[in-house]
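Computed over heavy atoms, backbone and side chain alike; hydrogens, waters and symmetry mates excluded. As the structure is a computational prediction, the values presented were derived from the model and not from experiment.
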Amino acid sequence: MSRTPPTSARCRPSALRTDVSRNVVVAGASMGGLRAAEQLRAAGYTGLITVVGDEPRMPYNRPPLSKEVLAGRQSFDSLAFRPRASVADVEWILGTAVISADLGRRVVGLADGSELAFDGLVVATGVRPRRLRCPGPATHRHTLRTLADARALHAELTRPGVRVVVVGAGFIGCEVAATAVALGVAEVTVADPEPLPMLRPLGELTARELLRRHERRGVRFALGTAVTAFDDSGVVLADGRRLSADVVVEAVGSMPNTDWLAGNGLDLDDGVRTDELLRVGGLPYLVAVGDVARFPNARYDGVPRRVEHWSIPGDSAKRAARTLAAHLAGAEPDPEPFAPLPSFWSDQHDFRLQSFGAPALGLDDVRVLEGEADGDLVVGYHRGGRLVGIVALGGPAVTAAAARHRSALLKQPTLTA
């Protein structure tokens, strides 16, 4: 193993290892990578674990980046995850990315020119922000994925009289818009080609109510038309309108970080495709976790999908670690179906959007379960008459109601392809 140059942070493990005959490399040092290391220990694996990440920091919680951190109310120390004692012997190589993999030789290449050999490999490289391919200057254009991104954007939003255009009315876009309003930004406009914010994941009923709440709090919207260019004065839309902006935030989705796996014959179409045990390409020593994994969920059907929800890194790490640990021990993997219940929350202005399940699979049959459209609201999403997801929109009382409906989702029998 080559030594990493001083530009990277190498956190040496303690002398707690009991088995140094095998090595697992975890590619990616975000939440999914940390959870994978912890779950490998929980599954009984005692060999070497090396976690490699491109950021110079230990894993931290990302959801607050677009809210508390962007608003200047939360420090990094409060974001950092506290690793379990079981991973005190894990080696962390931070500040250098995994850039290639040779599965035949069972080595990964790092950006510093070194290689790491492995007996098992965990793909936990997550996603990166998608960028618009539009002509125009790149100055004052931001994305939001890392702590550095949040700090840079905060500095821009706190300039006096600044005008902001957020391109993209998804979760990140709406959260950034709400935070900008709270910071006192002079003008906040959200542009999106869809006719309503978050239409695809939430459906028309919830999306329309979300739009009303944002507009009531001062956010402007330019919906139903795409951004075609940037210029020194702001944003140019396909319908000919111009939106004045000093700062532009591109919140137009994400791209899985899979380039480093190219050339190995894997299915990398929209993430890394896995089987129901989180194995990649039928290889027992290769698993994937978190945002980058495209897996079948036995709770719904056999269709592999990527799920960018906060709960998935932990759930998938547990399943993948058990699969990999069994292989390295020469045992059969646990045949229990992988059927996680995705969940997420999104704090915007003074309300919360809370979801359990897969609402996007039930957009053709949406029913109000509790509340009213112009107040606190709990909505159910059904597929073939079966409840597959719930979304709550409102204050603390309505999110507690969502938790009660969660039990109904958990009672639903799992399905197979």
Within a radius of less than 6.0 Å around [atom1] of [X], do more than 12 heavy atoms belonging to other residues, nucleotides or ligands occur?
X      : atom1 : result
Arg212 : CZ    : yes
Arg220 : CZ    : no
Lys318 : NZ    : no
Arg216 : CZ    : yes

[Y] ring centre to [X] NZ or CZ under 6.0 Å, with the angle to the axis within 45°?
X      : Y      : answer
Arg383 : Tyr300 : no
Arg22  : Tyr45  : no
Arg62  : Tyr60  : yes

Is the ring pair His309/Phe344 parallel, tilted or perpendicular, if the boundaries are 30 and 60 degrees?
tilted

Parallel, tilted or perpendicular: rings of His214 and His349 (30°, 60°)
perpendicular

Under the side-chain contact (heavy atoms from CB on, under 4.5 Å) criterion, do Leu369 and Val379 qualify, and how do the steps go?
CA-CA 5 Å; Leu369 302 179; Val379 178; over 6 Å; no

Are Leu199 and Asp192 close enough, and set up right, to give a side-chain contact (heavy atoms from CB on, under 4.5 Å), and what steps lead you there?
CA-CA 11 Å; Leu199 180 62; Asp192 196 284; over 6 Å; no

Given 3.5 Å as the limit, does a donor-acceptor pair link the side chain of [X] with the main chain of [Y], or not?
X      : Y      : answer
Asp119 : Asn23  : yes
Arg130 : Ser254 : yes
Arg57  : Gly95  : no
Arg279 : Pro284 : no

Taking 4.0 angstrom as the limit, do [X] and [Y] come out as a salt bridge?
X      : Y      : value
Glu115 : Arg105 : yes
Glu156 : Arg159 : yes
Arg305 : Asp270 : no

Of the options Phe171, Phe351, Phe356, Trp310, which is the one that meets Trp345 in a ring-ring contact (aromatic ring centres under 6.0 Å, His included)?
Trp310

Please assess Ile312 against Phe295 for the test side-chain contact (heavy atoms from CB on, under 4.5 Å), listing each intermediate value before the final yes or no.
CA-CA 11 Å; Ile312 293 302; Phe295 60 89; 4.1 Å; yes

What is the distance from atom CG of Asp347 to atom SG of Cys174, rounded to the nearest 0.5 Å?
13.0 Å

Output, in order, the C-alpha distance, side-chain angles, deciding distance and verdict of side-chain contact (heavy atoms from CB on, under 4.5 Å) for Val165 and Val249.
CA-CA 6 Å; Val165 169; Val249 182; over 6 Å; no

Does any donor atom in the side chain of Asp112 or Ser114 lie under 3.5 Å from an acceptor atom in the other side chain?
yes

Verify whether one side chain among Tyr381 and Thr206 offers a donor that lies under 3.5 Å from an acceptor in the other.
yes

Checking side-chain contact (heavy atoms from CB on, under 4.5 Å) between Val52 and each of Leu116, Val108, Val26, which is the one that passes?
Leu116

The test is side chain to side chain donor-acceptor pair (under 3.5 Å); show your working for Glu175 and Ser346 and say whether it passes.
CA-CA 7 Å; Glu175 289 174 359; Ser346 177; 2.6 Å; yes

